[in-house]
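Keep in mind that this is a model prediction, so the values were computed, not measured. Computed over heavy atoms, backbone and side chain alike; hydrogens, waters and symmetry mates excluded. Numbered from 1 within each chain, the chains take letters A, B, ... in sequence-line order.
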Amino acid sequence: MTWNKIKCNRRELQLVGTLNGGQSFRWEYNKEIDEWIGVFSKTVWKLRQDDEHLQYKVIGTLLNKTSKTTKQRCDGEIFKNLLEKYFRLNFKLSDYYKEWSNKDSLFQSACKQFYGIRMLYQEPVENLFSFICSQNNHISRISTMVEKLCKHYGDKICDHEGTTYYAFPDVEKLSSPQIEAELRDLGFGYRAKFIQKSASQIVEWGGEQWFKSLQEMKYKDARLELMKLCGIGPKVSDCICLMSLNHLEALPVDTHVYQIAAQNYLPHLKGKKSVTEKMYSEIGDHFRMLYGDMAGWAHTVLFCADLKKFQQDENSVPTEENPRKRKKK
DNA sequence: GATGCACCTGACAG
DNA sequence: ACTGTCAGGTGCA
């Protein structure tokens with residue numbers, strides 16, 4: 001099978017920063033051949049880049065099994081459209097980088113090395129349960145937990161080069177009562193209850209339709225609605241708003257973002273033990289003031305720069321302000 | 001309404 | 001090999 005191509009240069013899309021920046025936990029990079037393999041939309045994808053294109057192959061898919069209307073279009077443009085939507089390629093990113101650079105000198109210096117960082121447009125269900133797993137947790141363990149969810153409760157898509165690939169399970173499956181005990185046995189800890197409980201709440205409130213209504217709501221309303229779910233607080237709620245509900249002003253404030261904010265913009269917040277709700281909204285509002293209505297996307301670029309900075313600084317001497325970070329993955 | 005603390009597990013540093 | 005620490009937070013007292 002040959003590679004399909006979408007015109008898109010490296011300034012507009014940088015795969016490593018976008019796929020490995022903590023947005024999705026399902027992409028794997030093969031260094032030897034410079035290719036990515038991953039799953040979204042019940043489809044297994046291989047991706048790579050040249051200077052002028054994003055290249056892709058569809059390794060396997062369940063789409064033609066789930067709907068007849070899809071089947072007719074599967075040979076055509078459907079995969080290209082899915083990919084363009086996933087990477088939000090309709091946004092001219094370099095224009096936004098210019099805009100954010102003009103508004104903020106820190107962004108201006110950070111973005112030089114970290115161009116092409118895109119906000120993925122993810123599926124709400126996968127996004128929500130992945131980030132329930134993310135709380136108080138390492139990226140490496142989050143990835144294995146997400147894979148476990150897929151392997152045990154998702155539909156098999158295909159085998160490829162010795163690995164079996166699974167779609168992310170639907171909410172109905174995760175809502176069944178025995179799930180909590182099963183997930184505990186699988187090592188999910190206290191998150192097991194959150195997953196089962198949230199799933200049944202979502203089913204009760206209308207499943208996919210409920211997510212659709214959240215997209216149509218104002219950001220702040222959608223945020224509060226999500227926080228009614230068990231195991232979803234301010235931070236995870238903002239992750240979901242930003243990454244799968246198209247509320248690009250949503251801005252998740254985690255420990256990293258707090259550090260960045262206190263270090264560079266809001267010095268009076270330095271040295272606090274934890275992020276209170278008041279601090280949380282102060283930090284979010286500051287960035288929204290600074291960058292405007294796509295502040296969440298802009299802050300993700302800063303966040304990536306921060307992650308990578310620590311990876312590069314691995315051999316440097318840790319200080320109190322910059323403690324030794326654990327290796328990601 | 002604000003603050004403090006327990007929470008599952010395993011990856012990683014010492 | 002063998003620990004202690006702690007991670008992209010949240011619920012509950």
Side-chain angles (χ1 to χ4, degrees), chain A residues 17-26 117 119-120 122 126-149 179-198 201 223-244 250-263 269 272-284 287 296 299-311 313-320 322-329:
Chain A
T18 304
L19 298 179
N20 216 7
Q23 295 185 53
S24 166
F25 302 96
R26 296 207 72 190
I117 310 285
M119 181 54 54
L120 296 173
Q122 299 191 64
E126 173 177 336
N127 189 217
L128 188 148
F129 291 102
S130 297
F131 278 85
I132 284 183
C133 294
S134 80
Q135 63 175 270
N136 205 18
N137 213 347
H138 304 272
I139 288 181
S140 51
R141 190 154 84 104
I142 302 166
S143 304
T144 51
M145 286 162 83
V146 171
E147 282 315 311
K148 277 183 192 170
L149 284 179
I179 288 279
E180 179 181 347
E182 291 175 9
L183 290 180
R184 274 207 172 255
D185 288 341
L186 289 171
F188 280 67
Y190 57 84
R191 300 168 195 85
K193 185 174 91 179
F194 294 165
I195 291 172
Q196 191 279 330
K197 245 186 138 178
S198 282
Q201 284 175 289
R223 181 174 187 272
L224 288 175
E225 204 57 29
L226 282 166
M227 283 170 63
K228 291 177 184 166
L229 294 172
C230 180
I232 295 191
K235 191 264 176 179
V236 171
S237 182
D238 274 329
C239 286
I240 300 162
C241 283
L242 174 64
M243 299 176 185
S244 61
L251 203 144
V253 178
D254 56 36
T255 49
H256 288 246
V257 174
Y258 159 68
Q259 293 294 337
I260 296 170
Q263 203 62 43
L269 298 182
K272 304 284 184 190
K273 269 191 202 160
S274 59
V275 180
T276 65
E277 208 156 322
K278 200 176 160 189
M279 288 164 62
Y280 190 105
S281 53
E282 185 180 348
I283 293 167
F287 282 115
H299 113 290
T300 299
V301 178
L302 282 187
F303 182 82
C304 278
D306 197 61
L307 266 184
K308 288 286 151 46
K309 196 172 73 195
F310 283 122
Q311 282 174 13
D313 288 353
E314 246 162 39
N315 297 320
S316 66
V317 181
T319 64
E320 197 159 340
N322 270 352
R324 171 79 68 209
K325 293 282 170 178
R326 298 181 184 285
K327 270 190 199 167
K328 311 288 174 189
K329 228 170 182 179

Note: A:Arg26-A:Glu147 ion pair, threshold 4.0 Å (strictly below):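 Yes, charged N to carboxylate O under 4.0 Å.
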
Inter-nucleotide [atom1] distance ([N], [M]), Å rounded:
{"N": "B:dC8", "M": "C:dT3", "atom1": "P", "value": "23 Å"}
{"N": "B:dA11", "M": "C:dT10", "atom1": "P", "value": "23 Å"}
{"N": "C:dG8", "M": "B:dC5", "atom1": "P", "value": "22 Å"}

Trace of the side-chain contact (heavy atoms from CB on, under 4.5 Å) decision for A:Arg141 with A:Met145: CA-CA 6 Å; A:Arg141 190 154 84 104; A:Met145 286 162 83; 3.9 Å; yes

In whole angstrom, what separates [X]'s [atom1] from [N]'s [atom2]?
{"X": "A:Met279", "N": "B:dA2", "atom1": "CE", "atom2": "P", "result": "13 Å"}
{"X": "A:Ile132", "N": "C:dT10", "atom1": "CD1", "atom2": "P", "result": "10 Å"}
{"X": "A:Asp185", "N": "B:dT9", "atom1": "CG", "atom2": "C1'", "result": "13 Å"}
{"X": "A:Lys272", "N": "B:dA2", "atom1": "NZ", "atom2": "C1'", "result": "14 Å"}
{"X": "A:Leu186", "N": "B:dT9", "atom1": "CG", "atom2": "P", "result": "11 Å"}
{"X": "A:Ile195", "N": "B:dC7", "atom1": "CD1", "atom2": "P", "result": "19 Å"}
{"X": "A:Lys235", "N": "C:dG8", "atom1": "NZ", "atom2": "C1'", "result": "4 Å"}
{"X": "A:Lys273", "N": "B:dT3", "atom1": "NZ", "atom2": "P", "result": "12 Å"}

DNA chain B stem ranges, 3 or more consecutive Watson-Crick or G-U pairs under 3.5 angstrom: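 Stems (3+ consecutive pairs) listed as B:3-7 with C:9-13, B:9-14 with C:2-7.
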
Selected nucleotide, minimal atom distance to [X] side chain, candidates [options]:
{"X": "A:Phe303", "options": "C:dG8, B:dC8, C:dT10", "result": "C:dG8"}
{"X": "A:Thr255", "options": "C:dG8, B:dA11, C:dA7", "result": "C:dG8"}
{"X": "A:Thr276", "options": "B:dT3, C:dG8, B:dC8", "result": "B:dT3"}

Strand contacts (DNA chain C) in residues 226-234 of chain A, 4.0 angstrom heavy-atom criterion: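 Hits under 4.0 Å, by residue number: A:Leu229, A:Cys230, A:Gly231, A:Ile232, A:Gly233, A:Pro234.
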
Ring pair (Phe, Tyr, Trp, His ring centres under 6.0 Å) partners of A:Phe131, counting only residues at least two apart: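 With sequence neighbours excluded, A:Phe131 shows a ring pair (Phe, Tyr, Trp, His ring centres under 6.0 Å) to A:Phe25, given in chain and number order.
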
With distance as the sole criterion, do the side chain of [X] and the base of [N] form a donor-acceptor contact below 3.5 Å?
{"X": "A:Tyr258", "N": "C:dG8", "answer": "no"}
{"X": "A:Arg141", "N": "B:dC8", "answer": "yes"}
{"X": "A:His138", "N": "B:dG10", "answer": "yes"}

Flag for A:Tyr280-A:Asp238: side-chain donor and acceptor within less than 3.5 Å: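 Short answer, yes.
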
For [X], answer base if it contacts any base atom (sugar-phosphate contacts may also be present), sugar-phosphate if it contacts only those atoms, and nothing otherwise; contact means non-hydrogen atoms under 4.0 Å.
{"X": "A:Gly22", "result": "base"}
{"X": "A:Arg184", "result": "sugar-phosphate"}
{"X": "A:Val236", "result": "sugar-phosphate"}

Note, A:Ile232 side chain near A:Ile132 side chain (heavy atom, < 4.5 Å):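 Yes, at least one pair of side-chain atoms sits under 4.5 Å.
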
Flag side-chain contact, heavy atom, 4.5 Å: A:Ser24 against A:Leu19: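 No, too far: nothing below the 4.5 Å cut-off.
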
A:Thr300 side chain vs A:Gly296 backbone, donor-acceptor pair below 3.5 Å: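 Yes, the answer is positive, given that a donor and an acceptor are paired below the 3.5 Å cut-off.
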
Any donor-acceptor N/O pair, A:Ser198 side chain to A:Cys230 backbone, under 3.5 Å: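 Such a contact is found between A:Ser198 side chain and A:Cys230 backbone.
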
DNA chain B: 5'-proximal contact among A:Thr144 and A:Gln135 (nearest heavy atom):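 It is A:Gln135, whose closest nucleotide lies nearer the 5' terminus.
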
Residue mapping more 5' on DNA chain C - nearest nucleotide basis, A:Gln23 or A:Lys197: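 The residue mapped nearer the 5' terminus is A:Gln23.
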
Nearest-0.5 Å distance that lies between atom CD1 in A:Ile195 and atom NZ in A:Lys193: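 Result: 13.0 Å between the selected atoms.
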
Heavy-atom neighbours of A:Glu182 CD exceed 12 at 6.0 Å: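 Check passes, neighbour count above 12.
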
Mutual orientation of the aromatic rings belonging to A:Phe194 and A:Tyr190 [parallel < 30°, tilted 30-60°, perpendicular > 60°]: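 Rings of A:Phe194 and A:Tyr190: perpendicular, over 60°.
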
